[in-house]
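Notes follow the structure.
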Number of protein chains: 2
Amino acid sequence: MSNCKTHKTCINEALKKAETICNEKGVKLTKLRQTVLKLIWKSHNYVKAYDLLDELKKIDDSAKPPTIYRSLDFLIENGFIHKIQSLNAYVGCSHPQEHKECYFLICDSCQNIEECCSEQINKVVISTTGKNHFELNQVTLEISGTCQDCTN
Amino acid sequence: MSNCKTHKTCINEALKKAETICNEKGVKLTKLRQTVLKLIWKSHNYVKAYDLLDELKKIDDSAKPPTIYRSLDFLIENGFIHKIQSLNAYVGCSHPQEHKECYFLICDSCQNIEECCSEQINKVVISTTGKNHFELNQVTLEISGTCQDCTN
DNA sequence: AAATTGATGTTATATTATAACATAATTGAT
DNA sequence: ATCAATTATGTTATAATATAACATCAATTT
Ligand SMILES: [Zn+2]
Ligand SMILES: [Zn+2]
Ligand SMILES: [Zn+2]
Ligand SMILES: [Zn+2]
């Protein structure tokens, strides 16, 4: 995924989905939010907030930390991006509609992130938390390592 | 676990284990590091670095951020504590010897953390990353929600 | 004792994120 | 259309988290 051959499609799909979902929810994908989403979707790599801010400044000189963090908040709230907790970084969500308990494969070498859903992992998490009588709220599963492209 | 009835034992065990492991490894559990470890083990709740620093300052007025972060680094490196990535917080490791792929049950209500090992989760993670031809390095699994004590 | 290594002290600064308040744009009701 | 309420953005300041860099001190090795 490091060099995605069909990345224009990825971006277009992501933007289209975001628009659709916003319309359904009655929230607004403003120009700014769309711009930030595009910047995040520049690749499948994770991005840091202040790098994003630097990029945004090239477009809008007046951008400041709250500019970027507000957009990030909106995009996270609506499921269009995810925060990678172990890296304080952000990445586009590849399937905002059907997103459930996903996990992330994070390549230490190329910063590529693959977002996966595993019904199996989901089940195991639910069953083991159940055994602990723990009422589940949020699952953070982030796996770092080396992706296939970088291993070869 | 929120009100651990045998917490003195928890602390003593943690300190004893840390000493043993340090001796085996030939690294030093200095006075400072031991103090920080004790402060972290004050409870099973997670603690923030700067709160820890405030506590340490009560003992040693000259403590500064590097003081605490160096100790945290040492304690993490040697497996005596863990960093909770989703909270930028730290918690004592309940089983530093046999620690493998553990996960954390984090109570949003009482800040208690239970560290668990599940061979089952471990297996599923390995098998699903294998399917993705991903060479695993580090797994971060943090589950937030409400613990049994807080549900009742 | 001198040299090396490891630990701590100290100052400064980098990185990540939010509070607080002002202004502008949009929506919705009258 | 007008006003009020809400939502979004602009702006300044600061909070919270973490590390770099260099000085000093202590322990260990030669
Ligand atoms: Zn792509
Ligand atoms: Zn890679
Ligand atoms: Zn205890
Ligand atoms: Zn609880």
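Just so you know, these numbers use all the heavy atoms, side chains as well, and skip hydrogens, waters and symmetry mates. Every chain is numbered from 1, with letters handed out A, B, ... down the list of sequences.
Side-chain heavy atoms closer than 4.5 Å link hydrophobic residues (I, L, V, M, F, W, Y) into clusters, and following such links, even through other members, never connects B:L72 to B:Y46.
No hydrogens or angles considered: nothing links the side chains of A:H44 and A:E114 as a donor-acceptor pair under 3.5 Å.
Considering CG of B:L15 and CG of B:L29, their distance stands at 7.5 Å, rounded to 0.5 Å.
By the salt bridge (charged side-chain N to carboxylate O under 4.0 Å, His left out) test, A:K64 pairs with no residue at all, sequence neighbours left out.
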Enumerate, atom names and distances included, each donor-acceptor pair closer than 3.5 Å involving a side-chain atom of residues 129-140 of chain A, sequence neighbours excluded.
{"from": "A:T129", "atom 1": "OG1", "to": "A:V125", "atom 2": "O", "distance (Å)": "2.9"}
{"from": "A:T129", "atom 1": "OG1", "to": "A:I126", "atom 2": "O", "distance (Å)": "3.0"}
{"from": "A:N132", "atom 1": "ND2", "to": "A:T128", "atom 2": "O", "distance (Å)": "2.8"}
{"from": "A:N137", "atom 1": "ND2", "to": "B:D108", "atom 2": "OD2", "distance (Å)": "3.1"}

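The salt bridge (Lys or Arg N to Asp or Glu O under 4.0 Å) analysis of residues 10-34 of chain A, with sequence neighbours excluded, yields no pairs. Applying the salt bridge (Lys or Arg N to Asp or Glu O under 4.0 Å) rule to pairs touching residues 47-62 of chain A yields A:K42-A:E55, A:E55-A:K58, sequence neighbours excluded.
Distance CG (A:L72) to C1' (D:dA8): 15 Å, rounded to an integer number of Å. One atom, OH of B:Y90, and another, P of D:dA16, lie 15 Å apart when rounded to the nearest Å. Protein atom CD of A:E77 is 12 Å distant from nucleotide atom P of D:dT7, rounded to whole Å. Rounded to whole angstrom, the span from the CG atom of B:D54 across to the P atom of D:dA15 amounts to 14 Å. Distance B:I59 CD1 to C:dG9 C1': 17 Å, rounded to the nearest Å. Straight-line distance from the CD1 atom of B:I76 to the C1' atom of D:dT17: 13 Å, rounded to whole Å. For B:D51 and D:dT17, the CG to C1' distance is 12 Å, given to the nearest whole Å. Rounded to whole Å, the distance from CG on B:L53 to C1' on C:dT8 is 14 Å.
Regarding contacts with the backbone of C:dT16, every side-chain N or O of B:N88 stays at 4.0 angstrom or more from both OP1 and OP2. In this model, the phosphate group of D:dA16 is not approached by any side-chain N or O of B:K48 to a distance below 4.0 Å at OP1 or OP2.
In this structure, B:Y50 counts as stacked on the base of D:dT17 under the 5.5 Å centre distance and 30° plane angle limits.
Near-neighbour residues of DNA chain D inside residues 61-69 of chain B, defined by a heavy atom below 4.0 Å, number-ordered: B:P65, B:P66, B:Y69. Within residues 20-37 of chain A, the residues approached by DNA chain C to less than 4.0 Å at the level of any non-hydrogen atom are A:K28, in residue-number order.
The partner of C:dT30 is D:dA1, judged by Watson-Crick or G-U wobble contacts that both fall below 3.5 Å.
Scanning both residues, A:C110 and A:C107, for their nearest heavy atoms gives N-SG, 3.4 Å.
Note: B:H82 and B:Y90 fail the aromatic proximity criterion, with ring centroids not under 6.0 Å apart.
Side-chain atoms of B:R70 and base atoms of C:dG9 include a donor and an acceptor less than 3.5 Å apart.
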